[in-house]
K.L.:
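Handing you this structure, nothing more for now.
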Amino acid sequence: MAKEYEDIPGTFVFDADRSREGYHLNMFCISLRLAENREAFKADPEAYMALYPMTDAQRQAVRDRAWNGMLELGGNIYYTAKLAANDGITFQELAAKMTGMASEEYRDMMVKGGRSIEGNRSKIEWENK
Amino acid sequence: MAKEYEDIPGTFVFDADRSREGYHLNMFCISLRLAENREAFKADPEAYMALYPMTDAQRQAVRDRAWNGMLELGGNIYYTAKLAANDGITFQELAAKMTGMASEEYRDMMVKGGRSIEGNRSKIEWENK
Amino acid sequence: MAYVKAGVGCSHVPAIGVAMDTGITEQPYWQPVFKGFEKSRQWMKDNKPDVIFLVYNDHCTAFSAEVIPTFALGCAAEFQPADEGWGPRPVPVVKGHQKLASHIAQSVILDEFDLTIMNKMEVDHGLTVPLSVMFGDVEDEWPCPVIPLAVNVVQYPAPTGNRCYQLGKAVRRAIDSYEEDINVMVFGTGGMSHQLQAQRAGLINPEFDKRFLDLLTEDPVAGSQITHLEYMREAGSEGIELVMWHVMRGALNEKVEEVHRHYHVPASNTAVGHVILENR
Amino acid sequence: MAYVKAGVGCSHVPAIGVAMDTGITEQPYWQPVFKGFEKSRQWMKDNKPDVIFLVYNDHCTAFSAEVIPTFALGCAAEFQPADEGWGPRPVPVVKGHQKLASHIAQSVILDEFDLTIMNKMEVDHGLTVPLSVMFGDVEDEWPCPVIPLAVNVVQYPAPTGNRCYQLGKAVRRAIDSYEEDINVMVFGTGGMSHQLQAQRAGLINPEFDKRFLDLLTEDPVAGSQITHLEYMREAGSEGIELVMWHVMRGALNEKVEEVHRHYHVPASNTAVGHVILENR
Ligand SMILES: [Fe+3]
Ligand SMILES: [Fe+3]
């Protein structure tokens with residue numbers, strides 16, 4: 001199927017294709033919502049990750065805390081946010097990281113009304129920036 | 001809501017009301033589909049049943065293997081069949097028990113074409129028998 | 001593009017699976033049941049599907065009372081045969097078709113059917129018995145991947161016959177719009193008349209079953225309007241499983257030819273019915 | 001008979017819950033957010049519901065990637081607040097209303113909505129934050145039972161706005177046919193414009209949000225026709241949560257009066273929107 005939504009810039013729409021690709025990565029992330037799993041992951045990250053048949057690239061993205069990279073590999077933000085929470089990162093700090101902004105800068109942008117929709121509707125607008 | 005289907009004789013329609021009533025009984029029964037649970041139940045039936053907050057009447061119906069009684073208390077046949085399987089009772093033997101027929105007699109009835117629909121459509125037909 | 005050429009309607013009685021798994025299909029009790037599938041097994045060879053879209057119900061095995069989806073579509077890579085209380089059936093793991101399954105899921109949800117997507121699911125006799133009777137004994141793997149659609153027919157109310165029929169049409173639209181050139185066969189399973197519970201257990205209504213099969217081929221819209229009350233009263237409380245055949249029928253053309261029909265009583269507690277319908 | 005007099009539309013930002021749970025609602029950052037709920041809390045006292053039917057989404061907490069229902073109706077006796085990765089919110093367990101919930105389930109399934117029935121379910125901030133902002137701090141229990149309807153808005157595609165609106169109408173028919181004389185209030189939650197992910201995170205579109213609120217009150221049919229693409233493009237990828245407000249709107253009368261509106265940017269990454277609509 002044609003995916004019109006792929007024209008939206010800086011956005012990964014979590015559709016069935018992404019969901020399929022990211023399944024084990026997302027299942028790994030959601031497991032961290034429970035304290036006992038967080039402890040097991042902390043005690044031995046590699047052994048804990050090995051419980052989930054992720055791809056090597058996904059595993060590396062987890063090691064690197066490559067937040068956009070995880071999304072690219074089929075992760076969904078609500079899942080990866082569980083990994084961020086495990087690291088003590090708030091949702092706002094996580095958002096900042098994904099935009100490449102410093103936390104303070106991102107927070108200021110939000111306080112001033114957030115990122116404007118103008119110039120952020122389609123990929124062509126980003127390319128012409 | 002009026003329940004037109006309550007006019008069908010010798011039948012418990014497993015609707016939301018029955019499902020609510022029978023929830024823990026059914027969850028107990030379905031647990032027996034797994035070998036480890038069957039073993040735990042065999043080792044100590046009362047202790048195993050105590051894991052499920054059934055009513056006293058449901059617990060007693062399980063002890064008595066009161067197959068129709070369980071249905072009356074919100075059990076559903078696909079769940080209670082797991083308890084029957086645990087006891088080594090086949091689905092046909094179970095059906096026979098619920099009709100009050102001997103296994104052979106029931107099996108013969110089925111081989112001869114089963115229970116006729118004639119006279120078995122509504123409660124009034126049963127009352128006039 | 002993908003296409004649908006034929007559909008199969010078929011009972012999924014667990015005892016039929018047991019008969020095959022224990023090698024007693026030649027016994028006088030079972031022989032007439034399996035006789036009816038001889039032609040079908042040849043037909044399956046002559047009309048080999050690339051994928052089977054199989055409509056069935058779980059019998060309180062993979063779905064407990066905790067979660068009861070009306071329509072649950074299996075999008076996983078594979079589906080393990082479930083232990084229903086006497087060990088899993090000794091049949092191969094069922095391989096899914098993830099790309100087509102997700103395509104169907106997206107398409108029918110946008111078509112306003114409220115699917116539940118299953119990325120992990122075991123499958124019980126409701127799914128494996130129809131595969132066994134249609135394919136015969138298989139060795140290490142099933143001949144093709146299968147997309148399971150599990151329908152709630154255990155807790156009242158099941159989806160209406162009309163809803164099932166309309167879902168079949170939506171599934172067909174989804175298949176017709178899938179890029180790959182593959183033959184998708186649709187199975188509707190369950191039934192026919194039977195009641196497994198309480199004092200009326202053993203009910204069989206061949207007149208109802210025959211009328212159902214006639215309508216299915218010739219007037220599927222009329223068939224899809226049969227009410228829940230009529231199924232439960234006339235075909236027994238578990239006869240309601242027949243609603244699942246309407247999904248299959250909805251996925252076929254308006255006009256079909258019935259190339260095979262078989263009907264036999266009994267298999268354990270139930271009537272066994274089976275049809276093969278080809279698009280015209 | 002049961003009846004619906006009013007509906008509430010409300011964001012369910014997790015940080016709002018954290019602000020209440022940690023007692024920082026008077027800080028300059030949060031004060032304008034909570035200011036908007038002062039009138040609402042009084043209104044809740046004056047219009048005390050007997051039951052709340054609350055439409056929300058789970059955020060990959062109670063529902064993992066294994067099972068993704070489009071519409072999941074909570075029929076359990078109670079729903080535990082979930083641990084989302086930083087411990088469960090310190091709020092009371094949410095009590096359900098089993099009889100009304102099952103009545104709605106039966107009614108809307110017969111009305112051809114393909115619900116998933118949940119007899120066991122934890123609830124995340126999507127459900128508890130709207131209760132907190134509307135009721136204020138509570139002690140040992142919530143003021144009334146709640147029937148949760150969880151909608152998939154995480155994996156594309158969410159149900160269409162139109163489907164949500166029609167489901168609202170079906171829920172209303174179900175409530176109107178429930179025997180007991182009780183006041184059922186309907187909450188639609190989530191949104192408004194926000195994007196939590198990737199390079200475009202932080203997107204806020206107040207013009208879109210205002211138009212959405214205007215349509216919701218004045219022309220709900222037009223509002224229900226907004227496409228997924230428009231939500232994702234104009235309101236951010238997580239702005240799609242707004243489809244859930246259409247379920248609430250569908251359960252109200254055609255004509256409603258907006259008795260309260262509040263809109264503020266930001267709460268964490270999102271715009272906070274909130275309306276109270278009364279039937280006319
Ligand atoms: Fe069945
Ligand atoms: Fe949300």
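Order of the sequence lines sets the chain letters (A, B, ...), proteins ahead of strands, with each chain counted from 1.
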K.L.:
Are Lys35(C) and Glu26(C) close enough for a salt bridge, meaning some N to O gap below 4.0 Å?
P.N.:
no
K.L.:
Side chain, backbone, both or neither: which part of Ile117(B) has a non-hydrogen atom closer than 4.5 Å to chain C?
P.N.:
both
K.L.:
Identify whether the distance between the nearest side-chain nitrogen and carboxylate oxygen of Lys82(B) and Glu84(C) falls below 4.0 Å.
P.N.:
no
K.L.:
Do Asp17(B) and Lys3(B) sit within salt-bridge range, that is, some charged N less than 4.0 Å from a carboxylate O?
P.N.:
yes
K.L.:
Test His274(C) against every option in His264(C), His12(C), His260(C), His262(C) by the ring pair (Phe, Tyr, Trp, His ring centres under 6.0 Å) rule and name the one that passes.
P.N.:
His260(C)
K.L.:
Using a 4.5 angstrom heavy-atom cutoff, name the option from Val18(C), Val265(C), Ile240(C), Ile68(C) with the most pairs to chain B.
P.N.:
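Top option by heavy-atom pairs under 4.5 Å: Val265(C).
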K.L.:
Can you tell me which portion of Asn68(B) sits under 4.5 Å from chain C's heavy atoms? Options are side chain, backbone, both or neither.
P.N.:
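For Asn68(B), side-chain heavy atoms alone lie under 4.5 Å from chain C.
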K.L.:
In terms of side-chain geometry, is the basic nitrogen of Glu230(C) or Arg211(C) positioned less than 4.0 Å from the acidic oxygen of its partner?
P.N.:
yes
K.L.:
For Arg163(C) and Gln166(C), which I'm curious about, is there any donor-acceptor pair between the side chains at under 3.5 Å?
P.N.:
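Arg163(C) vs Gln166(C): no donor-acceptor pair found between side chains.
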K.L.:
Find out whether Phe212(C) and Asp209(C) are in side-chain contact, i.e. whether some heavy atom of one side chain is under 4.5 Å from a heavy atom of the other.
P.N.:
no
K.L.:
Could you check whether Tyr56(C) and Phe187(C) have their ring centres less than 6.0 Å apart?
P.N.:
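Not close enough - the centres of the two rings lie 6.0 Å or further apart.
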K.L.:
Select, from Ser193(C), Gly85(C), Gly87(C), the one with the greatest count of heavy-atom pairs under 4.5 Å involving chain B.
P.N.:
Gly85(C)
K.L.:
Relative to chain C, which segment of Thr11(B) carries a heavy atom at a distance below 4.5 Å: side chain, backbone, both, or neither?
P.N.:
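Thr11(B) touches chain C through backbone and side-chain heavy atoms alike.
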K.L.:
Please state whether the side chain, the backbone, both or neither of Ser122(B) comes within less than 4.5 Å of a heavy atom of chain C.
P.N.:
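It is both, since atoms from each part get that close.
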K.L.:
Side chains of Ser237(C) and Gln197(C): any donor to acceptor distance under 3.5 Å?
P.N.:
yes
K.L.:
I'd like to verify something: which residue of Trp126(B), Trp67(B), Phe14(B) has the highest number of heavy-atom pairs under 4.5 Å with chain C?
P.N.:
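If we count pairs closer than 4.5 Å to chain C, Phe14(B) comes out on top.
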K.L.:
Under a 4.5 Å heavy-atom cut-off, does chain B meet the side chain of Tyr29(C), its backbone, both or neither?
P.N.:
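For Tyr29(C), side-chain heavy atoms alone lie under 4.5 Å from chain B.
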K.L.:
Identify whether the distance between the nearest side-chain nitrogen and carboxylate oxygen of Glu258(C) and Arg261(C) falls below 4.0 Å.
P.N.:
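Yes, this pair counts.
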K.L.:
Please rank Val154(C), Asn205(C), Asn269(C), Thr270(C) by heavy-atom pairs under 4.5 Å with chain B and give me the top one.
P.N.:
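Most heavy-atom pairs within the cutoff with chain B belong to Asn269(C).
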K.L.:
Most heavy-atom pairs under 4.5 angstrom with chain C, which of Gly100(B), Ala84(B), Ser19(B)?
P.N.:
Ser19(B)
K.L.:
Heavy-atom cut-off 4.5 Å, strictly under: side chain, backbone, both or neither for Met27(B) against chain C?
P.N.:
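Side chain only.
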K.L.:
Below 4.5 Å, heavy-atom pairs only: which of Met98(B), Met110(B), Arg33(B), Arg18(B) has the largest tally toward chain C?
P.N.:
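Most heavy-atom pairs under 4.5 Å with chain C: Arg33(B).
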K.L.:
Given the side-chain rings of His24(B) and Tyr52(B), with only the six-membered ring counted for Trp, is the space between their centroids under 6.0 Å?
P.N.:
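Ring centres of Tyr52(B) and His24(B) not closer than 6.0 Å.
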K.L.:
With a 4.5 angstrom heavy-atom cut-off, could you sort out which part of Thr61(C) is near chain B: side chain, backbone, both or neither?
P.N.:
both
K.L.:
Looking at Arg200(C), His194(C), Gln195(C), which has the largest count of heavy-atom pairs under 4.5 Å with chain B?
P.N.:
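Most pairs with chain B among the choices: Arg200(C).
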K.L.:
Is it the side chain or the backbone of Tyr231(C) that comes within 4.5 Å of chain B heavy atoms, both, or neither?
P.N.:
neither
K.L.:
Taking Asn120(B), Asp7(B), Ile30(B) one by one, which has the highest count of heavy-atom pairs under 4.5 Å against chain C?
P.N.:
Ile30(B)
K.L.:
Non-hydrogen atoms of chain C under 4.5 Å away: do they reach the side chain of Asp15(B), the backbone, both or neither?
P.N.:
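Contact with chain C: backbone and side chain both.
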